[in-house]
> 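Pasting in a structure now, in structure tokens, and then I'll have a few things to ask.
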Amino acid sequence: MAGLFDTQAEIYAAARPDYPDSLFEFLASVTHHGCVWDVGTGNGQAAIKLAEIFDRVIATDVSSQQLQQAPQRPNIKYAVTSKSITRDELHSVIGPDHSLDLVTVAQALHWFDLDAFYGHVGAMLRRGGDRPGVLAAWCYQLCHVDADVDAVLTEFYAATSPYWAPQRQLVDNGYRTIDFPFEPVAGQASTGPLRFESIKRLNLGQLLAYFRSWSAVQTAMTRGWPYWRSFGRHLRRAGPVILWW
């Protein structure tokens, strides 16, 4: 995924949905609040929420363009990492083994080399004690508005299908088919996936900006894709809309 979101970094920062407070409240309830590593942080959407809970947030990404859009906070350290991060690089950027209370991956796990990443997670998370370290990864799928608008969105999403990377199928499946070889956190019967709801009010221009932030749309537009203009005409009469993921 390296470079896939560079060209639309500014649009991505402005248009993407926010992650719900209920998600972060859950993470706070199952972890100690020392240090968290937010991997594939992009424009820091998750990092900024994590900074309200954790003493230290280390937010990394392979895209310097994305990190330039990230909000600054005293307890957030942003860092560009290599495409195939090594253990030595991890120690340099984050700290020693078993020093993390939480590792988060927001809308990015499907891009990773999972075997290598899980090895790093196992080495960096705290072990033992009443609350050992936790890995939390989440994604969101196509938004919903109402029956009429959803029909247009479904048609549009189908039209983008040739332009998505194969890994997108893991998101379409809600991460239910992704390899996740970990034990559930205390109090949970399984590793999930759990469901959280995010609601955002957008006007038509903001909604179109959200779709322009998709990697598939950017890829399609570079190939002279004609569907984008017709999609805008489909939604031209729409007023403010409320979306949920």
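Here the structure is a predicted model, which is why all the values come from computation and not from measurement. Hydrogens, waters and symmetry mates are skipped; everything else that's a heavy atom, side chains included, is used.
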> For residues 65-96, which residue pairs pass the ring pair (Phe, Tyr, Trp, His ring centres under 6.0 Å) check, not counting sequence neighbours?
none
> Is Val62 close to Val80 at the side-chain level, that is, under 4.5 Å between some pair of heavy atoms?
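Counting from C-beta outward, Val80 and Val62 never come under 4.5 Å.
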> Ignoring hydrogens and geometry, is there a side-chain-to-backbone donor-acceptor pair from His33 to Ala28 under 3.5 Å?
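Yes.
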> Under 30°, 30 to 60°, or over 60°: which ring-plane class applies to Tyr157 and Trp214, parallel, tilted or perpendicular?
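Tyr157 vs Trp214 ring planes: perpendicular.
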> Is His32 reaching over with its side chain to a backbone N or O of Pro132, donor-acceptor style, under 3.5 angstrom?
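Looks like no, no N/O pair under 3.5 Å.
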> Would Val103 and Val39 count as a side-chain contact (heavy atoms from CB on, under 4.5 Å) here? Give the steps.
CA-CA 7 Å; Val103 175; Val39 194; 3.7 Å; yes
> Do Cys143 and Leu153 come within less than 4.5 Å of each other through their side chains, counting heavy atoms only?
yes
> Counting C-beta onward and ignoring hydrogens, is there a side-chain heavy-atom pair between Tyr19 and Leu50 closer than 4.5 Å?
no
> Determine whether Leu90 and Met124 make a side-chain contact, defined as any pair of heavy atoms from C-beta on separated by less than 4.5 Å.
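Yes. Closest side-chain heavy atoms under 4.5 Å.
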> Check step by step if side-chain hydrogen bond (donor to acceptor under 3.5 Å, both in side chains) holds for Asp38 and Thr104.
CA-CA 5 Å; Asp38 186 39; Thr104 55; 2.7 Å; yes
> Side-chain contact test, heavy atoms from C-beta onward, threshold under 4.5 Å: evaluate it for Leu208 versus Arg212 and give yes or no.
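Yes, at least one pair of side-chain atoms sits under 4.5 Å.
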> Using the six-membered ring wherever Trp is involved, compare the ring planes of Tyr140 and Tyr210 and label them parallel, tilted or perpendicular (cut-offs 30° and 60°).
tilted
> Roughly how far apart are Gln66 CD and Gln45 CD, rounded to 0.5 Å?
9.0 Å
> Taking the side chain from Ser99 and the backbone from Gly95, do they hold a donor-acceptor pair closer than 3.5 Å?
no
> Taking 4.0 angstrom as the limit, do Lys49 and Asp18 come out as a salt bridge?
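Judged by the 4.0 Å cut-off on N to carboxylate O distance, Lys49 and Asp18 do not form a salt bridge.
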> Could I get the full list of salt bridge (charged side-chain N to carboxylate O under 4.0 Å, His left out) partners for Arg56, not counting sequence neighbours?
none
> Where the side chain of Asp146 meets the backbone of Val149, is there a donor-acceptor pair that is under 3.5 Å apart?
yes
> Identify, with sequence neighbours excluded, every residue that meets salt bridge (charged side-chain N to carboxylate O under 4.0 Å, His left out) alongside Asp172.
Arg168
> Of the non-hydrogen atoms in Gly174 and Pro193, which two are nearest, and what is the gap between them?
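Closest pair (atom of Gly174, atom of Pro193, distance): O-CG, 3.7 Å.
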> Taking all atoms of both residues into account, what is the closest heavy-atom pair of Ser215 and Trp164, and its distance?
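In terms of heavy atoms, the two residues are closest at OG-CZ3, 3.5 Å.
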> Quick one: are Ile178 and Leu109 in side-chain contact, heavy atoms under 4.5 Å?
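Contact flag for Ile178/Leu109 side chains = yes.
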> Ignoring hydrogens, what is the shortest heavy-atom contact between Ala59 and Ile76? Give both atom names and the distance.
CB-CG2, 4.3 Å
> Can you list every ring pair (Phe, Tyr, Trp, His ring centres under 6.0 Å) pair that touches residues 167-194, not counting sequence neighbours?
His110-Tyr175, Tyr118-Phe182, Phe180-Phe182
> Does the side-chain contact (heavy atoms from CB on, under 4.5 Å) test come out yes or no for Thr177 and Leu170, once each step is laid out?
CA-CA 7 Å; Thr177 58; Leu170 295 170; 3.6 Å; yes
> Locate the shortest heavy-atom distance separating Ser82 from Glu89; write the atom from each residue and the value.
OG-OE1, 2.6 Å
> Search all heavy atoms of Ile199 against all heavy atoms of Glu197 and return the closest pair with its distance.
CD1-OE1, 3.6 Å
> Which atom names give the shortest non-hydrogen contact between Ala136 and Leu102, and what distance separates them?
CB-CD1, 4.2 Å
> Judged by modelled atom types alone, do Asp101 and Thr31 share a side-chain donor-acceptor pair under 3.5 Å?
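No donor-acceptor contact under 3.5 Å links the two side chains.
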> Are Tyr163 and Arg223 close enough, and set up right, to give a side-chain contact (heavy atoms from CB on, under 4.5 Å), and what steps lead you there?
CA-CA 10 Å; Tyr163 303 99; Arg223 300 178 186 176; 3.8 Å; yes
> For the pair His98 (side chain) and Ala123 (backbone), establish whether a donor and an acceptor sit closer than 3.5 Å, ignoring hydrogens and angles.
yes
> Mind checking whether Trp138 and Phe196 have side chains closer than 4.5 Å, heavy atoms only?
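No. Closest side-chain heavy atoms not under 4.5 Å.
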> Is the Trp37-Phe54 ring centre distance short of 6.0 angstrom?
no
> Sequence neighbours left out, what passes side chain to side chain contact (heavy atoms under 4.5 Å, CB included) with Pro184? Give chain and number order.
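Partners of Pro184 by the side chain to side chain contact (heavy atoms under 4.5 Å, CB included) criterion, ordered by chain and then number, come out as Gln188, Thr191.
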> Decide yes or no for Leu135 and Phe117: does some side-chain heavy atom of the first lie under 4.5 Å from some side-chain heavy atom of the second?
yes
> Under the side-chain contact (heavy atoms from CB on, under 4.5 Å) criterion, do Ile58 and Val36 qualify, and how do the steps go?
CA-CA 6 Å; Ile58 301 164; Val36 53; over 6 Å; no
> Look only at the side chain of Gln141 and the backbone of Val171, and say whether a donor-acceptor pair between them is shorter than 3.5 Å.
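Here the side-chain-to-backbone pair exists.
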> Spell out, as yes or no, whether a donor-acceptor pair under 3.5 Å connects the side chain of Asn43 to the backbone of Gln69.
no
> Taking salt bridge (charged side-chain N to carboxylate O under 4.0 Å, His left out) as the definition, give me every residue that meets it alongside Asp97, ordered by chain and number, with sequence neighbours left out.
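Asp97: no salt bridge (charged side-chain N to carboxylate O under 4.0 Å, His left out) contacts found.
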